[in-house]
Amino acid sequence: MTHTSASTVQLDKKLRALKLSGILDTLDLRLTQSKDDGLSYGEFLELLLEDELNRRADRKSKRLFKKAKLPFNKDLSDFDFSFQPSVNKKEILDLASLNFIEKKENIIFIGQPGTGKTHLSVALGVRALLRGYSVLFTTVWQMINNLTQSRADLSYQQKVKAYLKPDLLILDELGYRSMAESTVEDFFEIITGRYEKGSTIITSNRSFNEWDKVFLDKTLTSAIIDRLIHHCHNIMITGESYRFKNRNKK
Ligand code: ADP
Ligand code: MG
């Protein structure tokens, strides 16, 4: 304990009981400061409460980042728009204002592998987290597997909820594999459940007219696309893979 000199053991105990760890940590510093600078009781109290609020905001943010399961942490500032001119920088920066989350709109990135779809999705996810929104990142494959498995241990409803709850759900890599018939319904349930309730970002290497190859069933495919694109920003990336960047320079 660092501040037994100024505060008392009893005070520490009470702060702990009230779970005011932010105050507990800065109390000694603030006591010295209030003496040195002649702070009023009101100013002193306000400083302490601010310390506690900062601590809580910090904790919440860490918790949100952890729960989001982002595969990496990249920002929009790491994205080289000059390399990918088919991506409209202004449109992406507009999206980064996160109005789309307020309006429960979706974003669909379509482009070849390596064109930055995951990078842009994650970067928007990071912005959302910094604003205090809940985010969940998953590949479509992971989500489908997870839902399928959950039927076996009867946690299906609970898993569905986990995908419906976040303010922003990022579904990466739609279309790398076709889905089994039984799993398309699960996917449909998530999309229907989030419709006008939460934002979803989807990345895909396939254009819409090929999605029936992913979902196999034409009726379900159009039902899924209908719900997704009703309030949606479609972003087609037509450039080449960033992974070829250095290769072409040589
Ligand atoms: P995709 O999801 O479309 O397959 P990624 O987003 O995974 O592509 O991009 C592949 C790699 O290249 C990642 O490391 C990503 O950060 C990087 N990358 C892609 N496009 C850009 C870009 N325009 N500027 C900077 N890095 C990029
Ligand atoms: Mg990707």
Side-chain angles (χ1 to χ4, degrees), residues 60-76 92 94-111 116-151 155-177 179 183-206 208 211 214-215 220-221 223-235 237:
K60 181 183 175 211
S61 172
K62 283 203 182 105
R63 208 162 44 231
L64 285 176
F65 267 89
K66 203 169 158 206
K67 280 180 89 176
K69 303 206 175 85
L70 297 179
F72 48 77
N73 193 336
K74 281 191 183 175
D75 193 60
L76 284 178
I92 301 293
D94 273 353
L95 291 172
S97 75
L98 307 178
N99 252 333
F100 78 99
I101 297 185
E102 275 314 302
K103 296 198 211 145
K104 327 277 185 203
E105 293 170 348
N106 303 322
I107 304 175
I108 299 181
F109 289 104
I110 293 178
K117 305 182 297 293
T118 304
H119 183 137
L120 289 171
S121 307
V122 166
L124 290 171
V126 168
R127 293 290 171 96
L129 288 164
L130 291 174
R131 279 268 199 94
Y133 289 112
S134 57
V135 175
L136 178 62
F137 179 101
T138 173
T139 63
V140 171
W141 187 247
Q142 258 174 355
M143 178 176 82
I144 290 308
N145 275 343
N146 201 358
L147 288 170
T148 303
Q149 278 167 21
S150 71
R151 288 190 189 280
S155 63
Y156 181 76
Q157 285 310 326
Q158 189 191 327
K159 290 279 151 62
V160 166
K161 260 191 214 144
Y163 292 112
L164 296 186
K165 211 172 142 219
D167 299 315
L168 174 61
L169 177 68
I170 302 175
L171 296 177
D172 201 24
E173 299 189 347
L174 176 85
Y176 280 101
R177 317 181 206 200
M179 287 182 195
T183 65
V184 177
E185 300 267 355
D186 291 350
F187 188 86
F188 183 67
E189 176 152 4
I190 301 301
I191 298 306
T192 305
R194 293 188 63 81
Y195 178 67
E196 293 185 334
K197 297 216 176 68
S199 292
T200 307
I201 296 181
I202 293 188
T203 80
S204 181
N205 61 333
R206 296 196 185 208
F208 289 126
W211 282 22
V214 181
F215 299 121
L220 268 178
T221 303
I224 289 170
I225 292 180
D226 267 6
R227 277 168 186 70
L228 279 175
I229 65 175
H230 187 199
H231 310 282
C232 187
H233 303 263
N234 293 319
I235 297 176
I237 311 181

*Is the shortest heavy-atom distance from the side chain of His231 to the side chain of Glu196 under 4.5 Å?*
yes

_Measuring only between side-chain heavy atoms, which start at C-beta, is Met143 closer than 4.5 Å to Phe187?_
yes

*Is there side-chain contact between Glu185 and Leu220, with heavy atoms separated by less than 4.5 Å?*
yes

*Give the minimum heavy-atom separation between Ser121 and Thr203, together with the two atoms involved.*
OG-CG2, 3.2 Å

*With a 4.5 Å heavy-atom cut-off, do Leu147 and Val160 have their side chains touching?*
yes

_Arg151: partners by salt bridge (charged side-chain N to carboxylate O under 4.0 Å, His left out), with sequence neighbours left out_ = Asp186

*What distance do Tyr176 atom OH and Arg206 atom CZ have between them, rounded to the nearest 0.5 Å?*
10.5 Å

*asked:* Please determine whether side-chain contact (heavy atoms from CB on, under 4.5 Å) holds for the pair Leu130 and Phe65, giving the CA-CA distance in whole Å, both sets of side-chain angles, and the decisive distance to 0.1 Å.
replied: CA-CA 9 Å; Leu130 291 174; Phe65 267 89; 4.0 Å; yes

*asked:* If I compare all heavy atoms of Arg177 with all of Val214, which pair ends up nearest, and what's the gap?
replied: O-CG1, 3.9 Å

*Return the minimal non-hydrogen interatomic distance between Ile101 and Ala128, and the atom names on each side.*
CD1-CB, 3.7 Å

*Are the side chain of Ser97 and the backbone N or O of Asp94 linked by a donor-acceptor pair below 3.5 Å?*
yes

*asked:* If we ignore hydrogens and angles and just use 3.5 Å, is the side chain of Gln142 paired with the main-chain N or O of Thr139 as donor and acceptor?
replied: yes

*With a 4.5 Å limit on heavy-atom distance, are the side chains of Lys197 and Leu164 in contact?*
no

_Given 3.5 Å as the limit, does a donor-acceptor pair link the side chain of Arg227 with the main chain of Ile191, or not?_
no

_Atom pair CD1 (Ile202) and CG (Leu228), whose distance is rounded to the nearest 0.5 Å_ = 4.5 Å

*If you measure from NE2 on His233 to CG on Asn99, what distance do you get to the nearest 0.5 Å?*
8.5 Å

_Between His119 and Asp75 (side chain of the first, backbone of the second, donor and acceptor by atom type, cut-off under 3.5 Å), is there such a pair?_
yes

*Side-chain contact test, heavy atoms from C-beta onward, threshold under 4.5 Å: evaluate it for Pro166 versus Val135 and give yes or no.*
no

*Is any side-chain heavy atom of Phe215 less than 4.5 Å from a side-chain heavy atom of Leu174?*
yes

_What's the separation between atom CG in Leu124 and atom CG in Leu95, rounded to the nearest 0.5 Å?_
6.0 Å

*Which pairs pass salt bridge (Lys or Arg N to Asp or Glu O under 4.0 Å) with one or both residues in residues 155-169, sequence neighbours excluded?*
none

*Heavy atoms only: give me the nearest Phe109-Ile237 pair and the separation to one decimal.*
CD2-CD1, 4.3 Å

*asked:* With a 3.5 Å distance limit and no angle check, can you tell me whether Lys117 reaches the backbone of Gly111 through a side-chain donor-acceptor pair?
replied: yes

_Leu171 side, atom CG; Arg194 side, atom CZ - distance, nearest 0.5 Å_ = 8.0 Å

*For Ser199 and Phe100, which heavy atoms make the closest approach, and how far apart are they?*
OG-O, 3.1 Å

_Under a 3.5 Å distance rule, please check whether Asn106 uses its side chain to pair with a backbone N or O of Thr200 as donor and acceptor._
yes

*Give the intermediate values and the outcome of side-chain contact (heavy atoms from CB on, under 4.5 Å) for residues Tyr133 and Leu168.*
CA-CA 7 Å; Tyr133 289 112; Leu168 174 61; 5.8 Å; no

_Residue pair Phe188 / Ala223: nearest heavy atoms and the distance that separates them_ = CE1-CB, 3.6 Å

*Go through the steps to decide whether Lys74 and Thr118 satisfy the test side-chain contact (heavy atoms from CB on, under 4.5 Å), and finish with yes or no.*
CA-CA 10 Å; Lys74 281 191 183 175; Thr118 304; over 6 Å; no

*Any donor and acceptor pair, going by atom type alone, linking the side chain of Ser204 with main-chain N or O of Ile110 inside 3.5 Å?*
no

_Let me confirm one number: the CG-OG1 distance from Leu169 to Thr138, rounded to the nearest 0.5 Å._
7.5 Å

